[in-house]
Amino acid sequence: MAATHISTFSSSLENKPNLLSPKTSQTHLFSLSKTLQKPSFSSRPNKQSLICSSKNPISDVILSSKGNPDGNIVDINEYDEEGPREECGVVGIYGDPEASRLCYLALHALQHRGQEGAGIVTVHDNVLQSITGVGLVSEVFNESKLDQLPGNSAIGHVRYSTAGASMLKNVQPFVAGYRFGSVGVAHNGNLVNYQALRAMLEDNGSIFNTSSDTEVVLHLIAISKARPFVMRIVDACEKLEGAYSMVFLTEDKLVAVRDPFGFRPLVMGRRSNGAVVFASETCALDLIEATYEREVYPGEVLVVDKGEVQSLCLMRHPEPKACIFEHIYFALPNSVVFGRSVYESRHAFGEILATEAPVDCDVVIAVPDSGVVAALGYAAKAGVPFQQGLIRSHYVGRTFIEPSQRIRDFGVKLKLSPVRAVLEGKRVVVVDDSIVRGTTSSKIVRLLKEAGAKEVHMRIASPPIIGSCYYGVDTPSSEELISNRMSVEEIREFIGSDSLAFLPFDSLKKYLGSDSPNFCYACFSGKYPVLPREVKVKRVGDFMDDGLNGSIESIDGGWVQAPRNQKVEEVVSS
């Protein structure tokens with residue numbers, strides 16, 4: 001049963017003037033009409049991609065197995081490649097009597113963005129009530145729990161993390177009381193100046209309860225002198241650097257904020273009864289029958305009060321930098337992200353691979369689930385049948401009992417089962433979304449050949465990943481990324497495939513057309529739109545313990561080295 005935390009926050013709010021009245025106008029903000037048009041962004045000249053760092057021996061990349069041959073409990077991820085993982089998903093609902101239940105359903109639709117923690121905060125009679133827990137949405141909430149969350153407004157969060165002991169206290173949404181009221185916040189993204197902000201706040205007497213960068217935002221709101229309350233949010237966000245798509249809940253308002261670069265997605269919709277909904281992806285809107293209206297624009301603050309949606313901007317920025325990996329891996333295929341269909345993007349990536357890296361084959365298969373749509377595109381363009389050559393088990397937990405007699409590739413075999421009838425004697429093209437460390441890919445190739453595949457040709461529906469992400473994607477350090485160490489041919493030899501091809505970077509940008517400059521490609525180019533300020537930057541998730549419960553190793557393992565020898569003005573994305 002999932003561990004849960006239930007709390008209630010109550011406070012009286014001061015009367016606040018109208019947000020957009022002349023008396024409360026601020027020089028650093030500008031108002032936008034309710035029929036706000038998408039701002040235009042000036043283009044920048046593209047710079048050439050960063051050259052990959054020098055190659056290191058294969059042995060530096062191979063990770064040692066930590067399984068216990070005596071049948072102890074082991075983590076399945078020790079047998080699996082730690083690929084890129086999204087940190088979380090957020091939901092906000094205003095003006096619906098079933099707000100908590102709709103939030104619960106919307107979080108179900110976003111479960112793929114985080115499976116290890118979930119929470120919902122509602123407001124009822126000027127009281128913010130919170131339930132958070134470790135586990136899947138269905139494990140954290142039930143009918144009785146949702147009965148404890150009445151109210152017409154709610155925010156919710158699903159979280160990805162990796163640690164255990166201190167995880168519950170880091171599950172969002174966070175709720176805090178301050179001098180004039182209470183506020184809840186749910187955050188998707190990662191702050192690159194978190195360490196500096198936290199040190200500044202602690203020097204001024206702030207006490208932190210979690211190791212999450214989101215808590216910094218609440219402290220910044222609490223110390224702000226701006227009026228009314230929404231201006232405190234703006235004041236706090238102007239101090240943040242990095243990626244943040246956030247929803248805030250107060251006793252009478254719902255606020256949605258997106259960072260000026262628009263790294264992480266955030267969309268707005270409405271239900272037929274007029275309720276306003278915010279979510280990380282449109283698939284959440286679809287499930288609760290909310291009509292998609294538009295994205296929250298980069299740098300925008302949307303305030304919902306008494307059913308009216310008012311729009312402000314934090315600051316202008318000449319060029320957004322949306323995360324391209326949302327279209328490659330994170331988002332569900334039925335979502336529209338950054339104004340584009342995820343399904344159409346992935347299908348096109350497969351078609352490009354079939355055009356630019358063709359190979360004689362008998363069947364096309366996918367590594368489920370993220371490689372399926374690209375595989376369909378490859379098969380359609382190549383004129384080769386697509387079949388299910390690998391069946392994914394959806395019932396594998398994070399831990400399991402390993403048999404006393406070690407079975408090679410046990411973890412991968414639990415997750416993926418080859419279909420011999422599809423593979424035996426065939427020349428097989430297998431399409432996956434990415435290669436990170438290469439360990440899982442090598443096991444999949446071996447699995448297919450042991451099932452009788454005559455040839456195995458790997459096709460990857462993304463360019464090679466050579467850089468870590470600091471904007472809300474959990475990626476290994478650059479030294480662990482196989483494409484940062486090896487050439488394509490060296491990777492092919494390492495994973496054991498008969499051929500290997502990645503989606504060409506230039507072809508990806510060509511497909512995106514005029515939108516190409518508006519995406520972040522830091523993981524492919526090593527060029528960061530916002531350079532981390534600190535020498536070390538906190539990883540995504542719950543890698544860093546609070547220093548009280550965890551070991552020194554667990555704390556040190558939660559930080560990754562920031563890029564060196566780069567000036568801020570030189571790190572403009574291509």
Side-chain angles (χ1 to χ4, degrees), residues 49 51-63 80-84 325 328-329 346 348-368 370-379 381-382 384 386 389-390 409 412 416 418 423 426-451 453-467 475-476 480-508 523-525:
S49 300
I51 298 174
C52 294
S53 61
S54 60
K55 313 287 189 299
N56 287 329
I58 291 178
S59 58
D60 291 344
V61 183
I62 304 174
L63 302 178
D80 203 359
E81 176 181 359
E82 291 186 13
F325 242 92
I328 290 170
Y329 177 72
R346 292 180 188 170
F349 298 160
E351 291 178 336
I352 293 170
L353 279 170
T355 301
E356 301 202 17
V359 64
D360 291 333
C361 63
D362 303 307
V363 64
V364 176
I365 69 170
V367 177
S370 54
V372 170
V373 180
L376 288 169
Y378 188 103
K381 192 70 175 179
V384 177
F386 168 83
L390 287 168
D409 305 334
V412 169
L416 299 172
L423 303 169
K426 302 289 181 61
R427 298 168 298 174
V428 179
V429 166
V430 54
V431 181
D432 203 355
D433 59 89
S434 60
I435 293 182
V436 183
R437 289 192 176 107
T439 52
T440 295
S441 297
S442 65
K443 293 172 183 178
I444 289 172
V445 170
R446 187 159 59 236
L447 207 63
L448 296 174
K449 290 198 171 183
E450 288 175 352
K454 182 180 178 182
E455 297 175 7
V456 175
H457 303 274
M458 287 289 293
R459 294 295 179 267
I460 308 302
S462 70
I465 302 173
I466 66 166
T475 51
E480 297 174 86
L481 297 170
I482 194 168
S483 292
N484 196 39
R485 299 289 196 88
M486 303 182 189
S487 67
V488 174
E489 176 58 22
E490 288 171 326
I491 298 172
R492 184 201 65 76
E493 290 180 4
F494 175 74
I495 66 176
S497 61
D498 292 279
S499 72
L500 169 66
F502 292 83
L503 180 71
F505 190 18
D506 290 341
S507 298
L508 169 63
C523 53
F524 305 138
S525 67

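Residue numbers start at 1 and run along the sequence shown.
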- Apply salt bridge (Lys or Arg N to Asp or Glu O under 4.0 Å) to Asp498 and list each qualifying residue two or more places apart in sequence or on a separate chain. Lys449
- Note on the structure: Closest non-hydrogen atoms of Ile482 and Ile435, given as atom of the first, atom of the second and distance, are CG2-CG2, 3.7 Å
- Task: Would you check if the side chain of Arg459 reaches a backbone N or O of Ala357 as a donor-acceptor pair within less than 3.5 Å?
- Result: yes
- Query: Looking at side-chain heavy atoms only, is the closest gap between Leu448 and Leu390 below 4.5 Å?
  - Reply: yes
- Task: Go through the structure and list residues passing side-chain contact (heavy atoms from CB on, under 4.5 Å) with Ala375, not counting sequence neighbours.
- Result: Val364, Ala366, Phe386, Val431
- Value for OH (Tyr329) from OG (Ser462), rounded to nearest 0.5 Å, stands at 11.5 Å
- Task: Please check if the side chain of Asp433 supplies one atom and the backbone of Gly371 the other of a donor-acceptor pair under 3.5 Å.
- Result: no
- Residues Arg492, Ser487; criterion side chain to side chain donor-acceptor pair (under 3.5 Å); working and verdict: CA-CA 9 Å; Arg492 184 201 65 76; Ser487 67; over 6 Å; no
- Item | Residue list, side-chain hydrogen bond (donor to acceptor under 3.5 Å, both in side chains) with Ser507, at least two apart or on another chain | Glu356
- Residues forming a ring-ring contact (aromatic ring centres under 6.0 Å, His included) with Phe502, sequence neighbours excluded: none
- Task: Indicate yes or no for a side-chain donor-acceptor contact from Ser441 to the backbone of Gly438 under 3.5 Å, with no hydrogens or angles considered.
- Result: no
- Query: Is the Phe505 ring parallel, tilted or perpendicular to the Phe524 ring (thresholds 30°, 60°)?
  - Reply: perpendicular
- Task: State the CD-CG distance between Glu455 and Asp360, to the nearest 0.5 angstrom.
- Result: 8.5 Å
- Query: Does the side chain of Ile466 come within less than 4.5 Å of Leu481's, by heavy atoms?
  - Reply: no
- How would you list, by chain and number, every residue that makes a side-chain contact (heavy atoms from CB on, under 4.5 Å) with Val363, sequence neighbours excluded? Ile365, Gln387, Val422, Lys426, Val428
- Query: Does the side chain of Val429 come within less than 4.5 Å of Val384's, by heavy atoms?
  - Reply: no
